[in-house]
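In what follows, a structure is listed as structure tokens, so that the remarks can point back to it.
Atoms within each ligand, like the ligands themselves, are counted from 1 in listed order. Bear in mind that the values here come from a model prediction, so they are computed numbers and not experimental data.
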Amino acid sequence: MYPYNIVEDQAEELFMEANIRDIGIIAMKPLAGGALEDAELAISYILNNKNISTVIPGMDKIEQVKQNILAADLNFNDEMIKKCMEIKKKYSDSFCRRCGYCMPCPQGIDIPFSFILKGYYDRYDLKEWATERYTAMKRHASDCIECGLCESKCPYNLKIRDMLKGVVESFGF
Ligand code: SF4
Ligand code: SF4
């Protein structure tokens with residue numbers, strides 16, 4: 001079971017190897033933690049990969065179950081491929097994959113967790129929950145001194161300093 005979606009495709013080689021060894025792969029986080037809004041497209045993209053056995057989207061409404069089942073039968077066409085490419089481009093330098101390579105931060109900021117909580121704050125109806133956890137963190141995005149050390153270690157070249165400013169915008173500190 002491994003995170004896989006339109007934006008997080010860093011494990012393609014691993015999936016290929018698993019397929020050769022006849023090991024099944026369950027794709028988790030198909031909607032990239034809620035960043036991807038088109039569930040049909042996201043699920044269809046994953047199931048179109050012959051190295052993936054199945055996908056486990058979170059569902060809390062009957063409508064979502066129906067929508068996801070329909071997505072499994074869609075033909076992944078050129079138009080959908082184009083849309084996926086546009087999404088990849090859009091998120092390429094702004095989506096944290098939670099790998100933690102940017103850590104440790106000399107200011108003690110938990111960079112990936114800050115982005116996770118911002119995702120919960122912005123995309124889910126969990127503002128209070130996210131604020132409570134963010135407040136409990138020892139250091140916050142506003143403690144960033146913009147030294148740039150984290151950005152030199154991020155394999156995805158994310159603009160972490162700018163993204164942390166976005167965290168401050170959401171939580172206020
Ligand atoms: S730029 Fe900010 S978040 Fe990144 S290592 Fe420096 S202080 Fe930490
Ligand atoms: S290295 Fe980049 S992608 Fe990985 S956790 Fe840090 S910010 Fe996110």
With heavy-atom distances below 4.0 Å as the criterion, list the atoms of ligand 1 near Leu164.
3 (S)
Would Cys150 count as a contact for atom 8 (Fe) of ligand 1, in the sense that one of its N, O or S atoms lies under 2.8 Å from it?
no
Mark up the atoms of ligand 1 that fall under 4.0 Å of a heavy atom belonging to Pro106, in ascending order.
5 (S)
Distance from atom 7 (S) of ligand 2 to nearest protein heavy atom, with residue and atom
Ile160 CD1, 3.6 Å
Closer than 4.0 angstrom, basic N to acidic O: yes or no for Glu146 and Lys165?
yes
Of all protein heavy atoms, the one nearest atom 6 (Fe) of ligand 2 is Cys102 SG, 2.3 Å
Between Val7 and Leu36, is a side-chain contact (heavy atoms from CB on, under 4.5 Å) present by the stated rule, with each step listed?
CA-CA 9 Å; Val7 186; Leu36 306 176; 3.8 Å; yes
Check each atom of ligand 2 against the heavy atoms of Arg97 and keep those under 4.0 Å away; list them by number with element.
3 (S), 8 (Fe)
Within this structure, what is the OH-CD distance for the pair Tyr4 and Glu12, rounded to the nearest 0.5 Å?
3.5 Å
Under the 3.5 angstrom rule, does the side chain of Arg139 hit a backbone N or O of Gly108 as a donor-acceptor pair?
no
List the closest protein heavy-atom neighbour of atom 5 (S) of ligand 2: residue, atom name, distance to the nearest 0.1 Å.
Gly100 N, 3.1 Å
Arg98 and ligand 2 - part of the residue with a heavy-atom distance under 4.0 Å
backbone
is_close_aromatic(His140, Phe171), centroid dist under 6.0 Å:
no
Without swapping roles, check the side chain of Tyr124 against the backbone of Gly33 for a donor-acceptor pair under 3.5 Å.
yes
Is Lys88 salt-bridged to Asp9, cutoff N-O under 4.0 Å?
yes
When you measure from atom 2 (Fe) of ligand 2 to each heavy atom in Cys154, Cys96, Pro155, Cys105, which option holds the nearest one?
Cys154
Using a strict cut-off of 4.0 Å, indicate which atoms of ligand 2 neighbour a heavy atom of Pro112.
5 (S)
Location of contacts on Glu146 toward ligand 1, heavy atoms closer than 4.0 Å:
backbone
Return yes when atom NZ of Lys118 has more than 12 non-hydrogen atoms of other residues, nucleotides or ligands closer than 6.0 Å, and no otherwise.
yes
Show me which atoms of ligand 1 lie under 4.0 Å from any heavy atom of Gly148.
1 (S), 6 (Fe)
Just to confirm my output: which protein heavy-atom neighbour is closest to atom 4 (Fe) of ligand 2, and how far is it?
Cys99 SG, 2.3 Å
Could you tell me whether Glu151 and Arg161 have a side-chain N and a carboxylate O separated by less than 4.0 Å?
yes
Count the heavy atoms belonging to other residues, nucleotides or ligands that lie under 6.0 Å from CD1 of Ile20, then report whether that count exceeds 12.
yes
Measuring from non-hydrogen atoms of Ile145 to any atom of ligand 1, is the shortest distance under 4.0 Å?
yes
Atoms of ligand 1 close to Gln107 [distance to a heavy atom under 4.0 angstrom, numbered from 1]
7 (S)
